[in-house]
Every structure is written in C-alpha cells, then in structure tokens.
Amino acid sequence: DEFQDTSTMQWHNLLPLVHHALSMGYQNLIVGDAKQSIYRWRGGEVEQFVELPEKIFKGEVLPNQKELEKSIQHNYQEVRLDSNWRSARNIVQFNNKFFASLKKTLSLKLQAIYKAHEQLPQSQLEGYVQIDFTDKSDNTKYDIMQKVVFRLQELNEQGHAFNSMAFLCRTRKDASIVAYYLSQAQPKIPIVSDEALLLNTSKEVNLLVALLRLMAHPSCKFSMALVIDFLSHNSLTERNIHSLLKVLDKDNYITHFQELMATYGYDLNQEGLWKLPLYDMVEKLIQLFKLPTQNSYLQFFLDVVLNFSIKQGNDVADFVEWWEENNDQEAIVLPDDMDAVKIMTVHKSKGLEFPIVFIPFQWEIGKGSKELWVDAKGELSQMKVALISNSKKLEDTHYAQDRQREQEKAYLDDLNVLYVALTRASEQLYVYTQTPAGQEKMNTLGKLFLHYFTQQQQEVPCSIGVVPPPKKENKKSE
C-alpha cells in the first residue's frame, strides 16, 4: 500500500520476494496514487510506480534486472480506481479541472504522473468550493484569519459542528498560528491539534523546565533568559526585557541573576527546594511562581514528571535531558468525541477525510532543497559524489541539469501536497491565501490559483455551488 512513497531500496529489497511469489503462481498487489507522492524527502520515488511494468526504476544496479522486469511484465494487470466516493460533486469537478490545468505546467516527463487524473464523482451531494485572496499587508496571516474565523463561526451558527471542520496547514508553524488565532477568537473556538496541544508550546511549562535546568546547570544563560522573559511579561514592572537581560552580560552574572529574582520575590536557593523529590519540587515551583493550578498544560506536565520519577528516578539533570529528547511527543490528550476544530499538517491528513476543510495562508511552491548530491565526475577533488549548494550559480556549470531536475521535482512535490489537501473535503472546501504579485513564476499558492482562474476567465474570490445544510451526524448538539 502507498506504493508511491516507497523508497528505491525498499522496492529493490522486496523484488526477490515478489519474483519468487510470481514464479510459484501466487498473486502480488501494489496499491498507490502517484499524485499523492509527498515523501520524496525521506526516499519516496514516484517514478518507480509510473515506470512499471515496462521498467524497474534504477534497476541497472540489480544483478537480474531483465529477469525481474520480464516476470512483472508477464504477470501485470492494471486496475484504475477512478470513482470518488468521498467528495461532493463540485469538489471533485473543481479538482479535475484545476489539476488538468496545472498538469501542463509540469515537465513532459513528470506529466505522466497526472495522466488520467480525473475522477468520477459518486456522491449525490453538490457541495461547495470557495477560493479567496487577501492582499499582502504587515500581518497578512492575521487578516486571513479574521476572514476565516468569521466564516467558521458563521458555519457553526448555521448548525455545523466544530468537529466537522479541519484546518490543513503546510507547516507545523502555520498550524500553531491557526491554533493561536482560533483560541483568541471571541467566543473562543475549541481546537484539537497535535501541534497546538504539545506541552512545549506552553510558556508556563517552558518556565518550569528552565527552572529545573538551572537547578541542574546553575550557569545556563539560556535558561536564565527564559525565566527573565517570562517575568517581564507576567510581572508588574516598568522595566523592559532588554534592560532585564543586561544582568547576563555582567561578569558575576549568576549572582546578579539571583539578586534580580529576589527583587521579584523568588528565592531559588531555598534549601528545602533542593531536597524535595522531583514531583514535589515542580509543585513547589508552581506555587512559588504563582502559576495557575487549573492550567491543563501544567496538569499534564505534572503527569509527565510523575511518570518519569516512578520509572526513572528523581534526578533533575536526568529529567531535563530526557525532556530535551522527548518534549515533542508529550501533549494534552483530549477525548475523540470532543466538539472541536481539528488542526494538522497536510502530511498528517493523508488518508483522512473531513466534511469541511480550510486551507489557509501562502505556500511557497517549487523551492527545492538547499543542497544537492551530484555525480562529481572527478572534478571536485577527485571525489565520485559531492554535496553542493543548490544556488543559481549551478546554472552555468556542469550541474545545471541536476539543479533543473531538483526544481522540477520540488514543484511536483508541492503540487502533490496541494492535491492531497484539496481532496480531503467531503462537503465544503475553503482556500484562503495571499493575493499573488504577478504571474511570471508559479512559485506561490496564490499564483497557482490565479493561473487557473485566468484560464477559466473567472475572478477571485470565487465560489462554486451552495453551502449545504449540516448532515445529521455533523450537526452541533444543542
């Protein structure tokens, strides 16, 4: 399954087993969608899917390439699954037309990946699609989220439950930004997000970790800066953050830092504090810094501390080291049936579906990796291969074609990520992005949509269909 994301090494290792099974008269099944190939960065090679059955991708390194290719060719049967049972008709038809247009912007070799891309809608629901542009400003993402929040609350007032809605973001940073703006909305919009609910996104949790790190490493300036930053934002003081941080520039900065803490009423040298077990120490720090005890992040962090102390002991330095390695895995756990808007990256949404999908912000398209592995041809210090910077300077060298291939594949990668995002919605699809500046380069999300709507002789914002009423299972509870 998901064959389009299989690496060349994985496929070459499986081929002897496939060949043996075929020679014994058994069947083998490969399932995938080349348009959803979004893992090239970890070795996925979509070409090996497209080139079957005629050729095994990079098969020249195999000792029995011809034998394996003949085995596959003699036993090959292709079945195209072109019926779409997920999405409403307007969504399917929009995607069919949109990617038919964008397919022509790919290189001729890569256009084969979008061959026969059109799907046949099977849903009886008409569905709704809206594409919206927001002019660039000092804070374009804020302007976009103002529109999004208004639309989301409007849908909720019409009876659509929050848990029928999902935000699909290009990066984890964008997901965090969406989570912030939704949590600041009035009335507050409940959210479920792995990125937003990570404990390391809480300023209170980060303060506690910084304090624990100072206990283990008393000279850590980074931890001191985190503590000072927290105090500057949460204490009644007229001194700004920059004047407070100056204590760290002094020769005896540890003493000056402790004196600064004392002026705010915090004594980190309390003898009793050092003697406490890890869990009790964290509880004492929460009391000392008057942190809100009902804070969900702190409650879950205390659970993490308790589990660590039970399994691995009470050593503060050990916990800090463990936290540095594992903090991106510890999050608030919410019940699955909670009526909340889901926020995730496009990569995490793969294989999922949602009644209402929002795709926010500007995306960079076709940027390419910063570095390239190339055949050095003996020109670089007699090396066979080399890792070189992927800059415009390569366009006047022997590696111009390598740069060109990388740019083409990067563009395809982003097109595929967009395909995954646009095909997750079953009822309503919303795209809110930045108004493009010009159309000379197809390097932003806005330019892709402008290219399409210009061909269609339509203007943006554009809406297709009528917003459907909520289905029974997607209605909010009264």
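One-based numbering along the sequence shown. Note that the coordinates shown come from a computational prediction; the quantities given were computed from them, not determined experimentally.
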Heavy atoms, side chains only, cut-off 4.5 Å: are Tyr297 and Lys203 in contact?
no
Keeping Asn84 on the side-chain end and Ser87 on the backbone end, is there a donor-acceptor pair under 3.5 Å?
yes
Stepwise side-chain contact (heavy atoms from CB on, under 4.5 Å) check, Glu126 with Val466:
CA-CA 8 Å; Glu126 289 299 318; Val466 178; over 6 Å; no
Between the CG atom in Leu422 and the CD1 atom in Ile359, the distance rounded to the nearest 0.5 Å is 4.5 Å
Test log, rule ring pair (Phe, Tyr, Trp, His ring centres under 6.0 Å), inputs Tyr128 and Phe94
CA-CA 10 Å; Tyr128 181 75; Phe94 170 76; over 10 Å; no
We want to know whether Glu69 and Gln65 form a side-chain donor-acceptor pair, criterion being a heavy-atom distance below 3.5 angstrom.
yes
Could you tell me whether a side-chain N or O of Thr435 sits under 3.5 Å from a main-chain N or O of Asp135, the two making a donor and an acceptor?
yes
Salt bridge (charged side-chain N to carboxylate O under 4.0 Å, His left out) with Glu47: which of Lys409, Lys55, Arg405, Arg40?
Lys409
Minimum heavy-atom separation for Gly32 to Phe49, with atom names?
C-CE2, 3.4 Å
Flag the pair His20 / Tyr26 as yes when their ring centroid distance falls below 6.0 Å, and as no otherwise.
no
Asn90 side chain to Gly127 backbone, donor-acceptor under 3.5 Å:
yes
With a 6.0 Å cut-off (strictly less than), is the heavy-atom count around OH of Tyr76, excluding the residue itself, greater than 12?
yes
Mind checking the CD-OG spacing from Gln130 to Ser463? Nearest 0.5 Å is all I need.
6.0 Å
Would you check if the distance from the ring center of Phe308 to the ring center of Trp323 is below 6.0 Å?
no
Which heavy-atom pair separates Ile56 from Leu68 by the least distance, and what is that distance?
CD1-CB, 3.6 Å
Roughly how far apart are Ser389 OG and Lys370 NZ, rounded to 0.5 Å?
10.0 Å
With side-chain contact (heavy atoms from CB on, under 4.5 Å) as the criterion, how do Glu330 and Asp303 come out once you've worked through the C-alpha distance, each side chain's angles and the decisive distance to 0.1 Å?
CA-CA 10 Å; Glu330 300 296 335; Asp303 289 342; over 6 Å; no
Would you say the side-chain atoms of Thr454 pair up with the backbone N or O of Leu450, donor to acceptor, closer than 3.5 Å?
yes
Taking only Lys NZ, Arg NE, NH1 and NH2, and the carboxylate oxygens of Asp or Glu, determine whether Lys392 and Glu395 approach each other closer than 4.0 Å.
no
Any donor-acceptor N/O pair, Gln122 side chain to Leu120 backbone, under 3.5 Å:
yes
How many angstroms lie between OH in Tyr430 and CZ in Phe167, if you round to the nearest 0.5 Å?
11.0 Å
Are more than 12 heavy atoms, taken from residues, nucleotides or ligands other than Gln401, located less than 6.0 Å from that residue's CD atom?
no
Atom of Ser37, atom of Gln4 and distance for their closest heavy-atom approach:
OG-O, 3.4 Å
Contact between Thr140 and Gln434 at the side-chain level, heavy atoms closer than 4.5 Å - yes or no?
yes
Flag the pair Trp11 / Leu52 as yes when at least one side-chain heavy-atom distance between them is below 4.5 Å, and no otherwise.
yes
Are Glu204 and Ser202 linked by a side-chain donor-acceptor pair shorter than 3.5 Å?
yes
Do Phe354 and Leu352 have side-chain heavy atoms sitting under 4.5 Å apart?
yes
Just by distance, no angles: are the side chains of Lys311 and Asn307 close enough, under 3.5 Å, to form a donor-acceptor pair?
no
Mind checking the OG1-CD1 spacing from Thr433 to Ile131? Nearest 0.5 Å is all I need.
9.5 Å
Out of the candidates Asn156, Leu182, Asn163, Val192, only one should pair with Val341 under the side chain to side chain contact (heavy atoms under 4.5 Å, CB included) rule; please name it.
Leu182
For Asp5, is there an ion pair with Lys350 - N to carboxylate O distance below 4.0 angstrom?
yes
Val346 and Cys169: side-chain contact (heavy atoms from CB on, under 4.5 Å), yes or no, with the steps?
CA-CA 6 Å; Val346 179; Cys169 302; over 6 Å; no
Val304 vs Phe300 side-chain heavy atoms within contact, under 4.5 Å
no
Would Thr134 and Lys147 count as having a side-chain donor-acceptor pair, cut-off 3.5 Å?
yes
Within the 4.5 Å heavy-atom criterion, are Asn416 and Leu412 side-chain neighbours or not?
yes
What do the steps show when you test Asp174 against Lys141 for salt bridge (charged side-chain N to carboxylate O under 4.0 Å, His left out), and what is the final call?
CA-CA 9 Å; Asp174 281 350; Lys141 290 184 177 180; 2.7 Å; yes
Does the pair Arg403/Glu406 count as a salt bridge with the N-to-O cut at 4.0 Å?
no
Provide the closest heavy-atom pair for Arg213 versus Ser223 in the form atom of the first, atom of the second, distance.
NH1-OG, 2.8 Å
Under 4.0 Å between a Lys/Arg side-chain N and an Asp/Glu carboxylate O for Arg424 and Glu353?
no
Ignoring hydrogens and geometry beyond distance, is a side-chain donor-acceptor pair present between Tyr411 and Ser107 at under 3.5 Å?
no
Are the side chains of Val431 and Asp132 in touch, meaning some heavy atoms are under 4.5 Å apart?
no
Is the distance from the ring center of Phe133 to that of Phe449 below 6.0 Å?
no
In Å and rounded to the nearest 0.5 Å, what is the CG to CZ distance from Leu445 to Phe361?
12.0 Å
With Lys103 as the cation and Tyr114 as the aromatic partner, state whether NZ or CZ is under 6.0 Å from the six-membered ring centre and within 45° of the axis.
no
Judged by atom type as modelled, is there a donor-acceptor pair below 3.5 Å linking the side chain of His19 to the main-chain atoms of Ser71?
no
If I compare all heavy atoms of Pro468 with all of Leu125, which pair ends up nearest, and what's the gap?
CB-CD1, 4.2 Å
Could you check Tyr181 against Ile177 for side-chain contact (heavy atoms from CB on, under 4.5 Å), going step by step and ending with a plain yes or no?
CA-CA 6 Å; Tyr181 282 117; Ile177 291 171; 3.5 Å; yes
Using modelled atom types only, decide if a donor and an acceptor are shared between the side chain of Asp143 and the backbone of Ser137 within a distance under 3.5 Å.
no
With a 4.5 Å cut-off on side-chain heavy atoms, are Asp414 and Arg170 touching?
yes
Could you tell me whether the side chains of Glu45 and Thr8 share a donor-acceptor contact shorter than 3.5 Å?
no
Do Glu118 and Lys97 meet the salt-bridge criterion of a basic N to acidic O distance under 4.0 Å?
no
Check this for me, if you would: do Glu78 and Arg80 make a salt bridge, where the nitrogen-to-carboxylate-oxygen distance has to be below 4.0 angstrom?
yes
